[in-house]
**Q** 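My structure is below; once you've seen it, I'll send some questions.
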Amino acid sequence: MTNDNLKPVSLFHDLKWYRLSITFLCKKNTSEMKSHPVSVFQAIIKAISSRTPAFSSLKNEDLPVFHIKDKKYSFKMIPFEQIRVDFFFFKQNREKITHWRQNLVEYLSNPVYSETVEILTAGEVEDRNYAILAKELDNLPCEGELCLEFLSPLPFNREKGKTRVCISKDRFIKLFEKRFSLLFGGEITYECGEDDFTVLPYYWKYTEIKHSSRSQQGNTQYINGTIGKLYIKGTWKNFIPFLVLGAEIHTGIKLANSQGYYRVLPGAVSYFEGSFPDVKEIISVTHDVIENYDHASEWLSGKEMYPFDEKAFAERLADEIKNDRYEPSPNTAFVIRRENKKDRVVEQVNFKDLIVSRYLVKTIYKVFDNIFAEESIGSRKGIARERAVEMGKTAVDEGYEYIIESGIEDFFPAVDLEQLHRLLDLYLLGRETGIRGLLKKITGNGYILDGKFHERMKGLALGNPLSLCLANLYLDSFEGDIKSMDVRGIRYEDDVMIFCKNRGEAEAAALKLNIVPEPKVFGSTFFQKGGNLFKKERLCIEGVGVFVGLMGGMVFIKNGQEIMDVRPLRKVDEIEIRGDSIVSAGVLRRCKERGISLAIRLIGGHMIPFLG
């Protein structure tokens, strides 16, 4: 039965082109070749076209385009392997293309030119049109979720403030319009009608293929762009003809080297399913927790088994997650009393739930990191604190000298979980029920305070590493109004700085983000004199019998059973110990790694430097 949504639309009704399918025999290993396999076939196209009069004077956009059927850009040539290459012609007639085919066969019959590949079978020139494609791709849906798997890089210009993989829906559509218009020699535009879909470009990755240029000795050529899975969610009835046509002749404006080649995977395709949960990754995370959290090894040995068997623990935990039997235990909450400030509730996650939380962060990080805004610099790999200083200098140099500097008022406890869960539904795929359900269980987990259980109605647990990752996701959405203003923003987790050009804009930005301090004025001399953003602080610890321990990226101060304070190590540059206190080996190790100085002050005031 034919899908009516794939029937030829008037826009594509008269489009015709030709396909030439050739089966090649590989004769060399990729490791023995100076060029990437796709560049080999691109060179063949140029060689044959230069020898065929009807093609020799054509512009690059009028030469044939090709793809290596169902092969990813990373495939390796293996001797005696057979590969199919499809060549497509758009502005030539059958007679001219037949002549091109004959020249190809003759060219690769010559041993001088067939050292890398030779022809096994050469198909005849085929007529192609949209009606033929629609029959071949008859099972494609026009609503729900659809996955385009890009087998070769799709290049496009990077959008300001976004990662290299991010592409807007409008720009994505333009790539199809421009390519089709270029290939067929007439304007082709998309009319959206009742279409309402979202492009999710967070699951693919950027890549570069480098190889030596044949035509320009000593130069390096690049084939770059994004590869992997791009998802579409919503309804796309009027856009589906573009997707069908692009599956054969690609998308994007780079016509050479098979760029923009993709295949459509019908139905809901999962990204994480099949690799989640992963026993090896759970073991790796368990190692990290034991290394970075004091008492983790003792707790796991006591609760699980003694001696603690990491592999058996990871296998049981993976089985619980896979079969939806995992249930987190209530967190243990405690109140940090602060002078002249509102008391803060911090939650301690038991080590089993902590391992699950850190495993979730590790699993979703690559995808979520592509979502986060450029100005969000906290808790992101490869993005150092120094970047905030550079961004601040640039903003001040551009005239944004009025600065709001503050933490977002009671941010973590005030997070709207329903809004956060809507964001998870937006960015995660429909079939990711396991990860989505686990994220909602962890974020919705209640806590025990003073012996009483509290159901979580809102807020993220301050003390769970997953909260920091989800804070970036939530704040990117939360700051939508700010991004529409003429301001520059820098955010380090829940610390925020808004750079404005005048006091009125600064006060308006402060109100929108529920920040209430008086705007400060930072001229360019602030940085010239060594001024810094997100200042670190000196942590003084005093008392008898005080224990200073490590809780992931946090240092906690405990007196007996009472936790007196918890501080993020990222905000500390110096620790001073006063009195008879115990500092864990984990804290010492982390301070040394981060260059945090640690000193002990003796009775009488004498300081003994220990680190730094």
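In this text, all values refer to a predicted model and were calculated from it rather than measured experimentally. Positions are given from 1 along the sequence.
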**Q** Between Lys558 and Asp294, is there a salt bridge with N-O shorter than 4.0 Å?
**A** no
**Q** Assign the ring pair Phe556 / Phe547 to parallel, tilted or perpendicular, where the plane angle (0 to 90°) is split at 30° and 60°.
**A** tilted
**Q** Please find the pair of heavy atoms, one from Glu455 and one from Phe453, that lie closest to each other, and give the distance.
**A** N-CE2, 3.8 Å
**Q** After noting the C-alpha distance and the side-chain angles of Leu230 and Val199, does the key distance pass the side-chain contact (heavy atoms from CB on, under 4.5 Å) rule?
**A** CA-CA 7 Å; Leu230 176 139; Val199 174; 3.8 Å; yes
**Q** Quick one: does any side-chain atom of Arg344 pair with a main-chain N or O of Leu462 as donor and acceptor, under 3.5 Å?
**A** no
**Q** Establish, yes or no, whether a centroid distance under 6.0 Å links the rings of Tyr359 and Phe276.
**A** yes
**Q** For residues Tyr203 and Leu428, report the shortest heavy-atom separation together with the two atoms involved.
**A** OH-CA, 3.5 Å
**Q** Once the angle between the rings of Phe351 and Tyr293 is folded into 0 to 90°, is it parallel (under 30°), tilted (30 to 60°) or perpendicular (over 60°)?
**A** perpendicular
**Q** So Tyr73 and Ile209, do their side chains get closer than 4.5 Å, heavy atoms only?
**A** yes
**Q** Can you establish whether the number of heavy atoms outside Lys205 located under 6.0 Å from its atom NZ is more than 12?
**A** no
**Q** If you draw a 6.0 Å radius around CG in Asp450, do more than 12 non-hydrogen atoms from other residues or ligands fall strictly inside?
**A** no
**Q** Any donor and acceptor pair, going by atom type alone, linking the side chain of Ser357 with main-chain N or O of Leu466 inside 3.5 Å?
**A** no
**Q** Measure the shortest side-chain to side-chain distance between Val555 and Arg590 over non-hydrogen atoms and say whether it is less than 4.5 angstrom.
**A** no
**Q** With no hydrogens and no angle check, is any side-chain donor or acceptor of Arg358 less than 3.5 Å from a backbone partner on Asp288?
**A** no
**Q** Do Phe368 and Tyr427 have ring centres separated by under 6.0 Å?
**A** no
**Q** Is there a side-chain contact between Glu159 and Cys166 (heavy atoms, below 4.5 Å)?
**A** no
**Q** For side chain to side chain donor-acceptor pair (under 3.5 Å), just list the numbers for Tyr326 and Asp319, CA-CA rounded to whole Å, side-chain angles, deciding distance to a tenth of an Å, and then say yes or no.
**A** CA-CA 9 Å; Tyr326 167 78; Asp319 183 68; over 6 Å; no
**Q** Could you check Thr443 against His421 for side chain to side chain donor-acceptor pair (under 3.5 Å), going step by step and ending with a plain yes or no?
**A** CA-CA 9 Å; Thr443 55; His421 292 167; 3.0 Å; yes
**Q** Quick one: does Ile448's side chain get under 4.5 Å of His454's, heavy atoms only?
**A** no
**Q** Say whether, by atom type as modelled, one donor and one acceptor occur between the side chain of Asn292 and the main chain of Gly586 under 3.5 angstrom.
**A** no
**Q** Is any side-chain heavy atom of Leu154 closer than 4.5 Å to one of Ile227?
**A** no
**Q** Could you walk me through whether Arg316 and Asp309 satisfy the salt bridge (Lys or Arg N to Asp or Glu O under 4.0 Å) test, starting with their C-alpha distance in whole Å, then the side-chain angles of each, then the deciding distance to 0.1 Å, before giving a yes or no?
**A** CA-CA 11 Å; Arg316 288 198 307 274; Asp309 187 330; over 6 Å; no
**Q** Taking all atoms of both residues into account, what is the closest heavy-atom pair of Arg431 and Ser270, and its distance?
**A** CB-CB, 4.2 Å
**Q** If I take atom CZ from residue Phe156 and atom CZ from residue Arg164, how far apart are they, to the nearest 0.5 angstrom?
**A** 9.5 Å
**Q** Are the side chains of Leu360 and Leu438 in contact, using a 4.5 Å heavy-atom criterion?
**A** yes
**Q** Might you confirm whether atom CD of Glu593 has over 12 heavy atoms from other residues, nucleotides or ligands at distances under 6.0 Å?
**A** yes
**Q** Identify the heavy atoms of Tyr402 and Lys501 that sit nearest to each other, and give their distance.
**A** CD1-O, 3.7 Å
**Q** With the threshold set at 4.0 Å, does a side-chain nitrogen-carboxylate oxygen contact exist between Asp565 and Arg567?
**A** yes
**Q** Check whether any side-chain N or O of Trp204 sits under 3.5 Å from a backbone N or O of Val165 as a donor-acceptor pair, and report yes or no.
**A** yes
**Q** Mark yes or no for whether Ser275, through its side chain, and Phe272, through its backbone, hold a donor-acceptor pair below 3.5 Å.
**A** yes
**Q** Test salt bridge (Lys or Arg N to Asp or Glu O under 4.0 Å) on Lys441 and Asp324; report intermediate values, then the result.
**A** CA-CA 11 Å; Lys441 279 183 181 180; Asp324 197 24; 3.0 Å; yes
**Q** Are Asp416 and Lys458 close enough, and set up right, to give a salt bridge (Lys or Arg N to Asp or Glu O under 4.0 Å), and what steps lead you there?
**A** CA-CA 5 Å; Asp416 183 337; Lys458 64 177 182 178; over 6 Å; no
**Q** Would you please test Leu317 and Val356 for side-chain contact (heavy atoms from CB on, under 4.5 Å) and show each step?
**A** CA-CA 8 Å; Leu317 187 53; Val356 173; 3.8 Å; yes
**Q** Compare every heavy atom of Val349 with every heavy atom of Leu354, then report the nearest pair and how far apart it is.
**A** N-CG1, 3.5 Å
**Q** Evaluate the side-chain contact (heavy atoms from CB on, under 4.5 Å) criterion for residues Cys147 and Lys229: first the C-alpha distance (whole Å), next the side-chain angles of each, then the deciding distance (0.1 Å), finally the verdict.
**A** CA-CA 6 Å; Cys147 178; Lys229 294 176 180 177; 3.7 Å; yes
**Q** Report yes or no: does Asn370 contribute a side-chain atom to a donor-acceptor pair with the main-chain N or O of Lys366 at less than 3.5 Å?
**A** yes
**Q** Treating Arg171 as the side-chain partner and Asn157 as the backbone partner, does any N or O pair qualify as donor plus acceptor under 3.5 Å?
**A** yes
**Q** Under 4.5 Å between any side-chain heavy atoms of Ile403 and Ile498, yes or no?
**A** no
**Q** Is Lys393 paired with Glu398 through a side-chain N to carboxylate O contact shorter than 4.0 Å?
**A** no
**Q** Treating Asn350 as the side-chain partner and Lys352 as the backbone partner, does any N or O pair qualify as donor plus acceptor under 3.5 Å?
**A** yes
**Q** Could you walk me through whether Leu550 and Arg589 satisfy the side-chain contact (heavy atoms from CB on, under 4.5 Å) test, starting with their C-alpha distance in whole Å, then the side-chain angles of each, then the deciding distance to 0.1 Å, before giving a yes or no?
**A** CA-CA 10 Å; Leu550 187 65; Arg589 182 182 66 251; 4.3 Å; yes
**Q** In Å and rounded to the nearest 0.5 Å, what is the CG to CZ distance from Leu429 to Arg436?
**A** 8.0 Å
**Q** Which heavy-atom pair separates Ile290 from Ala296 by the least distance, and what is that distance?
**A** CA-CB, 3.9 Å
**Q** Mind checking the OH-SG spacing from Tyr474 to Cys469? Nearest 0.5 Å is all I need.
**A** 15.5 Å
**Q** Donor-acceptor check, side chain of Asn502 to backbone of Gly504, threshold 3.5 angstrom: yes or no?
**A** yes
**Q** I'd like to know if Glu281 and Lys362 make a salt bridge, using a cut-off of under 4.0 Å between side-chain N and carboxylate O.
**A** yes
**Q** Do Val583 and Ile577 come close enough that some side-chain heavy atom pair is under 4.5 Å?
**A** yes
**Q** Are Tyr447 and Thr332 linked by a side-chain donor-acceptor pair shorter than 3.5 Å?
**A** no
**Q** Can you tell me how far apart CG (Asp278) and NZ (Lys322) are? Round to the nearest 0.5 Å.
**A** 11.5 Å
